Each structure stands twice: as structure tokens, then as C-alpha cells.
Amino acid sequence: MKPTSNFLSHLNPSQRRAVEHFCGPLLVVAGAGSGKTRALTYRIANLILQHKVDPENILAVTFTNKAAREMKERIQKLFAEQMAMQEYGEKYDLLPEFDQGKLRSRVYRTVIKDMWCGTFHSLFSRILRLDIDKYVDENGRKWEKNFSIFDDSDAQSLVKEIVTKQMNLDDKKFDPKSVRYAIGNAKNQGFSPKEFAIEQPNYRGKIIAEVYSAYQDKLAGNNALDFDDLILIPTRLFQQNEKVLDYWHRKFHHILVDEYQDTNRTQYEIIRLLSTNDEGKKSWNWDNRSTFVVGDADQSIYSFRQADFTILLGFQDEFGDGLEDDNTRTMVKLEENYRSCENILEVANQLIENNTQRIDKILKPTRAAGEEICLFKADDEVVEADFVINQIRKLEEENPDLDWGSFSILYRTNAQSRPFEDLLVKYQVPYNVVGGFRFYDRKEIKDILAYLKAIQNPSDAVNIQRIINTPRRGIGKSTIDTLVRASQELGTNLWEILNDETSVNTLAGRAAKSVNNFAGIIKKWQAEIETMPVTELVAGIIEDSGYVQDLHTQGTDEAEDRIQNIQALYNAVSEFQEENQENEESVTLQKFLEKTSLSSDLDKLKEGDAAVSLMTLHASKGLEFPVVFLVGLEQGLFPNYRSMQDPAALEEERRLCYVGITRAQERLFISHARERRLYGSREPAMRSQFLDELPEDLVANHHQTRQGYVKISTGSLPKRSDRNAFTSNTQSDVIQNWQVGDAVIHKTFGEGEITHVFDAGSKTSVAIKFTNLGTKIIDPRVAQLQKIN
DNA sequence: AAAATTGTTGCCAGC
DNA sequence: CAACAATTTT
């Protein structure tokens, strides 16, 4: 199939450069709303159509499952459109539905199915399902292909058990949560337990390293991995086994990574390994290969899980030609914004300029100015919610272009959703809360999944213990203790004991019978796992567990609710089975379990069901809405109090705000409250410092009255210089005199020369042209900047 | 062994 | 205030 001539005509020149780039490394710096998804999908289509790349040689990494699904759908559509013209001589949209369906499913089978497109976690767990048996870690720990994936709460209880029971530490001093966090950080930076131990200078660090090692023992003992292992283990496997690395290196000719600014060291390392086969730069061979990354340092908002945007900033040095912006052939910037009205962009641009650590980049508007941004001051969080919901209802009514799905409410923390939900319910506005509590995290769902996991992977003692007496079947704490102790003493896992009738029969009579019964259930279904359709398997297990029956006898409303949820889980299984069968994919229990472990809540956000979306700013990344409400702009909340002392963390909060603003297409509302409930008591709240960084001439001030709200002013805030005189009395003492032409050295960016000085009252910014990195605008009070000579 | 009560801590973000 | 853990009661 050959592409029709208009294939690339929907692209602007920069997008086109990105799409048509064939071999070698390329960094695409893609500002918000600049059409990077389009660039990615067209690039993949172009690789296949133009360069005859086999889809199975493509690896595309996205940030969420939803993004992966959308990307696949868009590519599918592109292909179907091409084929429609070729085979029917007709536009795809004009074909009868039957032919459309036929085309789509053929494209799926011949193109989409073979492509590896997904999140880091899903892609690399897939590799582990094939190759983990070839891996042995530094302590001889091994895993089998049917490993379980432990979620955060599983992981946390393991750590807690180690800290309190095994090592007898004070869990005040070694709070399991922070220990677990430290272990996660180590994994995300690529450290094994031993390597981590060496790095530790103090007692506390050494203890944490010990916990890390014991934690890995426990995981291996359960034949289980945590989320971070899903990336770290394949990385280590690739490092230790040339053959395995070489196989995957040869398989993936073209590697694409989206949201590259949010990759961490381990993820970077695995991309590096796959791209280069771990060879030195001189022997890299880019023939028929490419590594194509897309990102925007200004939207890096996941440093709390060790994402590091300097990886993106370093791409040019690591992979690229390292030439300056104007001359480089390994970087493309997408700066035209197609999403937002000009006013919104202007606000975003001005805000983000307050950050020092950036690539010089500005979003250029392509759309009309649009309406003013509306800033609303509320008395408290309830008034704030009232304002938002009323605006939504009013706009929806007045504007035929808008439906409920056009609106989103974005907040810093999940806990803020409550008052908005209350009012949406009151006015019967359909809405969707994204994130927070996942369906798969409900107790009854986790219980049923524990059965499934135990059957899939009997070494998984954590999940066995979860369900051995759920529902009650007379296996009490002391019985379980005896069994667990026995397994520890024999150095085997719990299942080996349960599965051995003679061992079990040494227990007191009643308990022995119950345990044998339980073991029988697990064994029975284990035997069916390869052959029985997943839906039947799950239905049978639910039945045999007696779980639903037990809920029935309870008879409470809550129990009825749980039964409903279990029904919904079953529905999810059958949907899963149907979908996969349609696409001629194999359907296994393992795949379903994987999906439940790795799916995020964002996945439920379906297009087409018209409902107001409520979510955190983090969850909003990559999405867009005609109308956006950015709420709770208060000191301590946003920016979050934990970030306020640390300049780097504060800059991340600012990027988060930037992400929020740039979600808006037509209208942007920003609000804050003067008082807010916190831990139950009312606390006064100050307006966020970010509000003072927005251009006042584009922002209209509003305040509530009994009748609703009135517009007070446009641009009536105190003049910027006055405000700064008031607010910035803390660190302005060490003002240096920066002048155009000064040679300076920056801690991370190296040497450069000042090309502009921006003086606004007490705040000074300087633009510096760095030798290797191009021009950046920097706040000399925050950055470590020194004059040289 | 399970249920009821009191106490404690936490709201930062999520694959 | 609410979720969760630890503790006491039946």
C-alpha cells in the first residue's frame, strides 16, 4: 500500500520534519497543544507506509494506557482512510458502516496488533513474561514467568512486616511509608540493594538498604514484583545478559517515547540499552533504526517518582549531534499552539517564564484572543464550588456548542473534589471523578482478584493469606501463624505446605479439614487455567469461593453494593474476553490480571459520555477541554506547602499550574478561597503566589455577592512593581548587577553570556546564551549563577 | 475470634 | 473530618 499524496499535508513544517525523519536520534520539543500526538501517530504511519517498516519492529512508549489506546486508534483510522481510497476509491467516512468495520478490523490484524505500543510498565512486564526466567539477581533471587504484580499497598505491608517483625525496628523511626518510598527511589534510579547499600553514608541509609534487600527476598519468595521492578528488572536483565538484550535490540528498530520529560533514570537506561545495544557511541549504527523522543520540560510534573527532566535536556548530548538549536539536525521544536485562545497562552507563557530551569521556548498562538481569563475570589470552598457549578450550568445553557463534557474542574489534591461533587449532585449535572479511588482497589474486588492471583501464581503467599479465611471458613489467626511458621522453617513457600495433606493433617482436626478444602479449591482451578475460557474460570472461582453467598447472608445495603461490584468485575472479564477474541488475540487470566494491575483510573474517561470531568492537575496531563476551572489557588495548597521551601519543587508546582492553564481551549476560570476546611477545622487561606505572576491586563477579577457574582475590575490589581515591593522582602538583599555582555557560569548549564536583562521592580531576569544549550531565561536570585572573569 | 470502641494520624501527585 | 490501627469488650 502506498500513501496517497495528501498524507502529510495536514502537518506544519516542523511537524513534517519530525514525521519525515527516518533514521537516527531525534528530540521533539513539543509545547502544550502543539500537535505532538499528531506528529507521533503520523510518524508511525509514515514509517510503515513510506519506509516499509514492519509494525512488529516498532516500540512506542506512552505515558498512560489511555494514550496508548488512542494512539493505536488514530493510526488505525489513518490506515483505514488510506485503504478506503485505494480499494473503494471512496472516502472512508462515506463508506457503509459494514465496509468501515471490515477495513478497521483488517488494519488491526495486519498493522496494529503487531506493534508494541503501551506504557513502560505494560511493555516491559510483557517482556518479563517472556524472559524473566533468564534473570538472576546479585543475590541469586529468581522469578518465574507467572509472577504476581504487587500494588503499593501490598508493597507497603511487606515493608512494614520487615521493619516491625523481621528486623524489630522502631516503626516511628523507620516509618514503613518513607522506607518504602526510599526503596522506590532507589529502584527508579537503577540501584540494586547492594549498590544502594554502598551509596549510604549513615546508619539510617544502611538500615534502609537492609530492608530493601529483605524486601526483595520477600518479593522473590512470593514470585512477585512491584511496579518499579517492572522497569528495573528488565534493565538489569539487559545489562547482565547480552543475548537477551541483543534479541530485543534487534527486534525494535524504531523506538518512540512520549512524555520524555517524565522518564526516570531507569527508564532512560532501558531506552538507552535498547537503542544502542549497550555499545559505545562510536559503534552505534543507526541504519534503519531510530530513537525518537517527544517531550516538554515545562510540563515535567512527576519528580516525586523520580522523573528527571534533565534527561530530556541531555538528549542532544547523549544521542544527538549536540549542535546549537539553529544548526542541529537531531532536534525539532513544535511551538505553534493549536489548542488555546491567545489570552490563555499569554497567561501560560508569562507564568512559566518565572521558572529558571527551562529550554528557551514560547508558545505561539494560532487562535484568536478569546475571552478574558476570569479570576474569582470566594469566601470559602463551598462558595468556590457554587461559583464553578453555576458558571458551568450557565455556560452550558447559553452555548449550544458546549455539552457537559466540555467542562473540567482541576485541583491540586484529590481531597478537594467533595464540595464540587455535592453541588453537581444537587443540580443533577452528570460528572465523572477521575483518579482517587480505583475500581480495582475496592476491598471486594481485591479479594476476588486475590483468588485469581493465587491460582495464577500459587507462590504468592500474600494473596493466599488475604483470602484463606475470606469469607470465613474457620481458618483462624493461630492456624495461619502455624502454617506460615512451618513454611519459613522449611524454607519453602506457604503453598507447598497447604498443598501437602499430610502436613496439614498435623493441625487440629477442624482446621485441617478447612485448610484442605481451601487448598482443594485452588488446586482445582489451577488445573483449568490453561484450557478453560477466562469468563468461565472467573465465574467458577467466584462461585467456589463462597464470597457472594457470604455477602448475601449479610443482607446489608453495603453487601448488596459489593455484590454489584463483583458483578461489574465479571462484566469486565467478559468484555475483555470479547474484545480480544474479536482481534484474534489470545485471552488468558494472566493478561486480565495484568490489565487490572496496570490500568489507571484515567482509562475510564471515555469520550462521548457527556459529563463534567473532575480530576487532579496531574491526571489532566495530555487532555484538553473547551472550558477549564482551575480551583484552590492558595498558598500551601497550590503551591503545596511541602514545595514552598525548595526552589526546585516550587518550579515544579509552577509547571503544574502551567499544565493546568494549557488544558483550556476557549475559557479559563481560576479561583481561590479566603478560608478553607482542613483536617476538620477552618483555616484562613492566602491567595497563591502564582496569581501574582499572571499578566493583570488579561485577567478579570470577580467576587461573589448574594446575587451570584459580579465583575469588579479588569487589571485593577496593584501595579506589579508595588506588589513585588510588598511580597519579595525575603531574599532580595543580594541583588547583583547583571549587565548585557557579562560572561557567567551556571551550575547546571555551564558557561554563557547575558544577552538581555529584564528589570521589573525588584525582580530581575536575565537571558543567557549558553555555549551548548542555546538561550534560556533565568532568575539570578534562584539559579546558582556566577560572573566569571 | 469477631465486633465494637477508642485512639491516631494525615492531604501531594500515580503507574 | 475520615480512614485506619490498636485496643477493649463480648
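Everything numeric here is computed off the predicted structure, so don't read it as measured data. Every chain is numbered from 1 and lettered A, B, ... according to where its sequence line falls, protein lines coming before strand lines.
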### Query
Parallel, tilted or perpendicular: which fits the ring planes of A:F120 and A:F124, with parallel below 30° and perpendicular above 60°?
parallel
### Task
Please check if the distance between the ring centroids of A:Y260 and A:Y268 is under 6.0 Å.
no
#### Entry: Aromatic A:Y212 / basic A:R180 pairing, under 6.0 angstrom, 45° off normal
no
### Query
Do the side chain of A:D151 and the base of B:dC15 come within less than 3.5 angstrom through a donor-acceptor pair of N or O atoms?
no
### Query
Quick one: which of B:dG14, B:dC11, B:dA3 gets closest to the side chain of A:R472?
B:dA3
#### Entry: Selected nucleotide, minimal atom distance to A:T119 side chain, candidates B:dG14, B:dA3, B:dC15
B:dC15
### Message
Applying a 4.0 Å non-hydrogen cut-off, can you work out what A:F120 is touching in the nucleic acid: base, sugar-phosphate, or nothing?
### Response
nothing
#### Entry: A:F690-A:F638 aromatic ring centre distance below 6.0 Å
yes
### Summary
So side chain to side chain donor-acceptor pair (under 3.5 Å) across residues 467-485 of chain A, not counting sequence neighbours, yields A:Y451-A:R473
### Task
Please report, rounded to the nearest Å, how far the C1' atom of C:dA5 is from the NZ atom of A:K177.
14 Å
### Whole-Å P distance, B:dC11 and C:dA6
16 Å
### Atom-pair distance (CZ on A:R412; P on B:dC11), nearest Å
13 Å
### Task
Assign A:N414 to base, sugar-phosphate, or nothing according to its heavy-atom contacts below 4.0 angstrom with the strands shown.
sugar-phosphate
### Query
Which comes earlier along DNA chain B counting from the 5' end, the contact point of A:N469 or that of A:S122, where each point is its nearest nucleotide?
A:N469
### Residue whose nearest DNA chain B nucleotide is more 5′ - A:H618 or A:G476
A:G476
### Message
Just the rounded figure in Å: distance from C1' of C:dA2 to CZ of A:R677.
### Response
12 Å
### Query
Does a side-chain N or O from A:K160 land closer than 4.0 Å to OP1 or OP2 of C:dC4, or not?
no
### Task
Please state how far atom CZ in A:R655 lies from atom P in B:dA13, giving the value in whole angstrom units.
18 Å
### Task
Between B:dC11, B:dC15, B:dG14, spot the one nearest the side chain of A:L678, thanks.
B:dC11
### Message
Check this one for me: any side-chain N or O of A:S599 less than 4.0 Å away from OP1 or OP2 of B:dC15?
### Response
no
### Whole-Å distance separating the CD atom of A:E381 from the C1' atom of C:dC1
12 Å
### A:Y302, nearest nucleotide to its side chain (from B:dC11, B:dC15, B:dG14)
B:dG14
## Note on the structure
Checking B:dC11, B:dA1, B:dA13 against the side chain of A:A415 (C-beta onward), the nearest is B:dC11
### Query
Whole Å only: how far is the CZ atom of A:R682 from the C1' atom of B:dC11?
17 Å
#### Entry: Nearest-Å distance for atom pair CG/P, residues A:D175 and C:dA5
13 Å
### Query
Choosing from B:dC11, B:dA2, B:dA13, which nucleotide comes nearest the side chain of A:Y679?
B:dC11
### Task
Tell me which nucleotide among B:dC11, B:dA1, B:dG14 gets nearest to the side chain of A:K477.
B:dA1
#### Entry: Between B:dC11 (C1') and A:M644 (CE): distance, integer Å
15 Å
### Query
Is it the case that A:K591 places NZ or CZ above or below the six-membered ring of A:F576, under 6.0 angstrom from the centre and within 45 degrees of the axis?
no
